[in-house]
Amino acid sequence: MPLQTQLSSAISCPSLLITMQTLNNQQVATTQPTASSQPFLKIDNVSKVYATPKGTYTVLEGVNLEVQEGEFICVIGHSGCGKTTLLNMVSGFAQPTEGEVRLQNKLITKPGPDRMVVFQNYALLPWKTAFENVYLGVKAAFPDKSKTEKTAIVWEHLELVGLTEAAHKRPWQLSGGMKQRVAIARALAIRPQVLVLDEPFGALDAITKEELQEELLTIWRDHRCTVLMITHDIDEALFLADRVVMMTNGPAAHIGEILEIPFERPRNRAKLIEDPHYYELRNEALDFLYRRFAHDDVE
Amino acid sequence: MAVSSQLRPQSAWIPKLKTQGRKALTSLIALVIVLAIWQLLCSGPEPVLPAPLTVLNDTWELIVDPFFDNGGTDKGLFWHLFASLQRVAIGFTLAAIVGILVGVIIGSNAIIYDALDPIFQVLRTVPPLAWLPISLAAFRDNEPSAIFVIFITAIWPVLINTAVGVQQVPSDYKNVSRVLQLSKFEYFFNVLFPATVPYIFTGLRIGVGLSWLAIVAAEMLIGGVGIGFFIWDAWNSSLISEIILALIYVGIVGLLLDKLVLMIGRLVVPGGQQGT
C-alpha cells in the first residue's frame, strides 16, 4: 500500500478507479525493485512562505507527493500557483519553509547534478558550442573520467537528440527546438536520477513540440530516469505522464488532484486521441483547471 | 529569428560595403564644406585664427617630416605622439588590470560592493587634472605622475562596468553552474568571465578615451616630450597653425585608440552576445 500511496487528496473519479488496475500491473512491471518501501522522491508536507514588504505570502501550503523511481510526472496549474517553486525545492534552488523534500531518503538542501534541470529558456552558454555546453556538464559530473571517455559521452548524447551535425554551432545559430535538444542532451549526459523540466517546450511551435515530446519519451524509456515536468499544456501532460499533478490556485496552493494516466507505452499520439478514455481524462483536467479552479481575473 | 541570424554573415556583406561607401562620401563632402566655411571666415586681412590653407602652409615641414629629432623637446610630431601614447599605454594597461580585478571582486560580493560603491562614485567624478598636484606630491617626479593621472582616470569606467557586468550575469547561467556544481575556477572561466567580457570592453573603451583626454592636459602642465607639451609650447611661441595641426592629430589618434579597443573587443567578445 505505501508503494502505491498517491496523495493526501482523494481521487473520486469513477473512470480513474477502473484504470487503477491496469496501472498497478504496469507499475509493478516497470518499477525497479527498490531497497525499501520508501518512495524514491518524497515531498513531505511542504509549505513555502515568502517575506514581502507587505507581509508574508504563502505560495505553497501542505504539499505532499510521493514519486516512484522511473515515474514520469507532469505538474499542471495556472501561472502563479507555485509549480516552479515546488520544482525548485526538488532541484534544490529553494528550501521549503516547512516540511521537507527527500530523494532516496536523503534530504535535499542544495542543487546537484543528481537532479538536473532543463530550463524553460534553455540556459545554454552563448559563447560555447552545443558540444562545449554538453561537455561542460560532463566534465563537472565525471571529473575522474578521461578526456576520451567524456568526449564519447557528449557525442553519445548529442546523437541521442539528433544533433551531431550541429555540434559545433553556437546557440545563436540554433533554432529554439535545437537549443532545447542541446539542453536535454546536457541534462541527460550527466546521468541524473531525477530530470526536472520547467515548461521545456513552452516556447516552441506545435510541430517541434510534438517531435520533442516523442523524443523525450523515447529517451526516458531508455534512460529510466524519473521525470518531473511543469507544463501548461493538458494534451502534453496526458501524452507524456504516468500521473498528472494538478495544482490549485495560489496563494497557499496545494495539490488539488492527481490524474492517473493509464495508457500503454509506447504511446501513439494518433491512437491516443481516438481513445474515449483520453477525453474523459482531458475533460477531468479541463474541469479542474477551468471550472473548479478557474483563474480569477484579479492578479 | 534563428533563420535571419544564420544568414547574417554572408548576406550582410554587400549592402554593408555600399552603406560604408555612402557614409565615407557624405563625410568627405561635409569635411570639404566645413573647411570651405573656415577658409572664408578666416581669409580677411588680419584673421583671428589661421585659415586651413595658412595652417597647411605654416606647418608643411612638420607634416612632411614627423620623424626629425634635434634633441631635447625639439622633435617631430611622431615622437611627441609616440611619447604620449607610451604614457597612455602604461597607465591604461595598469588601469585595465586593476580595474578588471577589483571590478570582479566587488561585483561578486554585494557587501563589498555596497561598502565601496559610494567611494567610487565620488572619486570617479574628480576631473583628471585635479589628481595631478596630489600625484606630483606623492611621486615627486613628472613621469610617474602623468602615468598615475592616466591610471586614475581610466580605472573608474573599467572597474564600474566590470562590477556591473559581474552582477548582470544571467541567473540562468548561475543556476546551471549551481546544478552542475562547477568549481569556483570553472565558474570563473566558463561562465563569469565570458559573460562579463562585453561589459569590460565597454569600460575599456570609455577608459581609453578618457586617458587620451587626460594625457594631453597633463602634459601641458608637466612638460617633456609629448603632444600636450607640444601644444603648450606652440602656444607660448604663438604658433597657432602648429596648435591646429596638433589638435587634428590628437583627434585622429583618439579616434584610432577607440577603434582599436572596439576591434579587440569584437575579436575577444565571444560569439552570439555582441551588441554592447
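This is a predicted model, so every value here is computed, not measured. To find a chain, count down the sequence lines: A is the first, B the second, and so on, and within it residues start at 1. Just the heavy atoms: all of them, side chains too, but no hydrogens, waters or symmetry mates, feed the values below.
Summarising the geometry, atom CG belonging to A:Leu124 is positioned 8.5 Å from atom OH belonging to B:Tyr173; distances are rounded to the nearest 0.5 Å. The NZ atom of A:Lys139 lies 4.0 Å from the CD atom of B:Glu186; values are rounded to the nearest 0.5 Å. Note: B:Asn190 CG to A:Asn133 CG = 9.5 Å, rounded to the nearest 0.5 Å.
Looking only at heavy-atom pairs under 4.5 Å with chain B, the residue among A:Ile190, A:Asp114, A:Val117, A:Asn121 that has the most is A:Asn121. Ranked by heavy-atom pairs under 4.5 Å with chain B, the first of A:Ala140, A:Pro171, A:Gly112 is A:Gly112.
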So B:Leu182 and A:Leu136, side-chain contact (heavy atoms from CB on, under 4.5 Å) or not? Walk me through it. CA-CA 9 Å; B:Leu182 295 185; A:Leu136 180 69; 4.1 Å; yes
Using the rule given for side-chain contact (heavy atoms from CB on, under 4.5 Å), can you reason through A:Tyr122 versus B:Asp172, listing the C-alpha separation, both sets of side-chain angles and the distance that settles it, and then say yes or no? CA-CA 8 Å; A:Tyr122 325 122; B:Asp172 267 355; over 6 Å; no
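Using modelled atom types, no side-chain atom of B:Gln181 and backbone atom of A:Pro113 make a donor-acceptor pair closer than 3.5 Å. Side-chain N or O atoms of A:Trp127 include none that pairs as donor or acceptor with a backbone N or O of B:Val191 at under 3.5 Å.
Nearest approach of B:Val179 to A:Arg115, heavy atoms of both residues: CG1-O, 3.9 Å.
B:Ile111 CD1: 12 or fewer foreign heavy atoms inside a 6.0 Å radius. Applying the 6.0 Å contact sphere to CD of A:Glu159 captures no more than 12 heavy atoms from other residues, nucleotides or ligands. Surrounding CD1 of B:Ile134 are at most 12 heavy atoms belonging to other residues, nucleotides or ligands under 6.0 Å away. In this structure, B:Gln121 places its CD atom where more than 12 heavy-atom neighbours from other residues, nucleotides or ligands lie under 6.0 Å away. Few gaps surround CG on B:Leu31; more than 12 heavy atoms of other groups in view lie less than 6.0 Å from it. Atom CZ of B:Phe82 has 12 or fewer neighbouring heavy atoms from other residues, nucleotides or ligands inside a 6.0 Å radius.
The contact between A:Arg186 and chain B is made entirely by side chain atoms (from C-beta outward), counting heavy-atom distances below 4.5 Å. Both the backbone and the side chain of A:Phe93 come within contact range of chain B, judged by heavy atoms closer than 4.5 Å.
Legend: side chain to side chain donor-acceptor pair (under 3.5 Å) pairs involving residues 144-166 of chain B, not counting sequence neighbours: none detected.
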